[in-house]
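Numbering starts at 1 and runs along the sequence shown.
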Amino acid sequence: MRVNFKAREISLWDSAGMNYTNTQYIKAALQYLGDEYMRADDEIKGDELDVVKWMKTWTTADLSFECPQQDNDYDCGVFHLLNLCLLVEGEAITEDAYSQASINAKDARKTIAYILWRTSSNRSSRRQA
């Protein structure tokens with residue numbers, strides 16, 4: 001899920017496919033933003049009508065069919081991290097951005113594990129110095 005404050009968009013990509021719970025997640029995220037908006041702005045406290053108007057300025061999208069789909073039930077984290085990398089680099093998440101086969105062929109799980117291990121090792125040694 002990506003919350004783009006500048007564009008007022010909430011987008012969700014689920015590599016397991018479109019699911020009825022995706023809509024619930026998106027609605028919950030928007031409701032959370034509305035609650036925080038009302039809590040943060042003293043002038044509108046208690047004015048739920050203003051918050052509802054503000055929430056209507058946001059767009060939401062379940063883009064799950066437009067993203068790469070996993071072939072198993074255990075690679076969701078790998079797909080999530082790859083999607084995150086695409087977004088950080090300003091790339092679009094498309095159906096053919098990568099595939100389950102490319103993840104398996106490039107040994108992505110081991111690469112991700114190594115990066116996480118290396119990062120956590122560096123962080124702990126920096127704290128001790």
Heavy-atom pair of closest approach, residues Pro68 and Thr94
CD-O, 3.1 Å

Report whether Ile26 and Phe5 are members of the same hydrophobic cluster (ILVMFWY, side-chain heavy atoms less than 4.5 Å apart, transitive linking).
yes

Do Leu84 and Leu12 sit in the same hydrophobic cluster, where Ile, Leu, Val, Met, Phe, Trp and Tyr count as joined when their side-chain heavy atoms come under 4.5 Å apart?
no

Between atom CG of Asn19 and atom OG of Ser64, what is the distance when rounded to the nearest 0.5 Å?
8.0 Å

Can you confirm whether Leu33 sits close enough to Trp54 that some side-chain heavy atom of one is under 4.5 Å from a side-chain heavy atom of the other?
yes

Gln70 versus Cys76: any side-chain heavy-atom pair under 4.5 Å?
yes

Check the pair Lys106, Thr111 against side-chain contact (heavy atoms from CB on, under 4.5 Å), reporting the backbone distance first and the verdict last.
CA-CA 9 Å; Lys106 294 179 181 178; Thr111 303; over 6 Å; no

Non-hydrogen side-chain atoms of Met18 and Asp62 separated by less than 4.5 Å:
yes

Does Asp107 reach the main-chain N or O of Lys110 with its side chain, forming a donor-acceptor pair under 3.5 Å?
no

Any donor and acceptor pair, going by atom type alone, linking the side chain of Ser99 with main-chain N or O of Ser102 inside 3.5 Å?
yes

Closest non-hydrogen atom pair, Gln100 against Asn72:
NE2-ND2, 3.4 Å

Testing the basics here: between Ile115 and Thr119, what is the closest heavy-atom pair and its distance to 0.1 Å?
O-OG1, 2.7 Å

Taking the side chain as everything from C-beta on, heavy atoms only, tell me whether Arg109 gets closer than 4.5 Å to Asp75.
yes

Members sharing Val78's hydrophobic cluster (side chains within less than 4.5 Å)
Trp13, Leu63, Phe79, Leu81, Leu82, Leu86, Leu87, Ile93, Tyr98, Ile103, Ile112, Leu116

Using 0.5 Å steps for rounding, measure from the OH atom of Tyr25 to the OH atom of Tyr20.
8.5 Å

Nearest-0.5 Å distance, NE2 of residue His80 to CG of residue Asp14:
11.0 Å

Decide if atom CD of Glu89 counts as having more than 12 heavy atoms of other residues, nucleotides or ligands within a radius under 6.0 Å.
no

Would you compute the distance between atom CD1 of Ile10 and atom CZ of Arg2 and round it to the nearest 0.5 angstrom?
11.0 Å

Check against side-chain contact (heavy atoms from CB on, under 4.5 Å), Gln69 and Cys67:
CA-CA 6 Å; Gln69 300 293 298; Cys67 72; 3.5 Å; yes

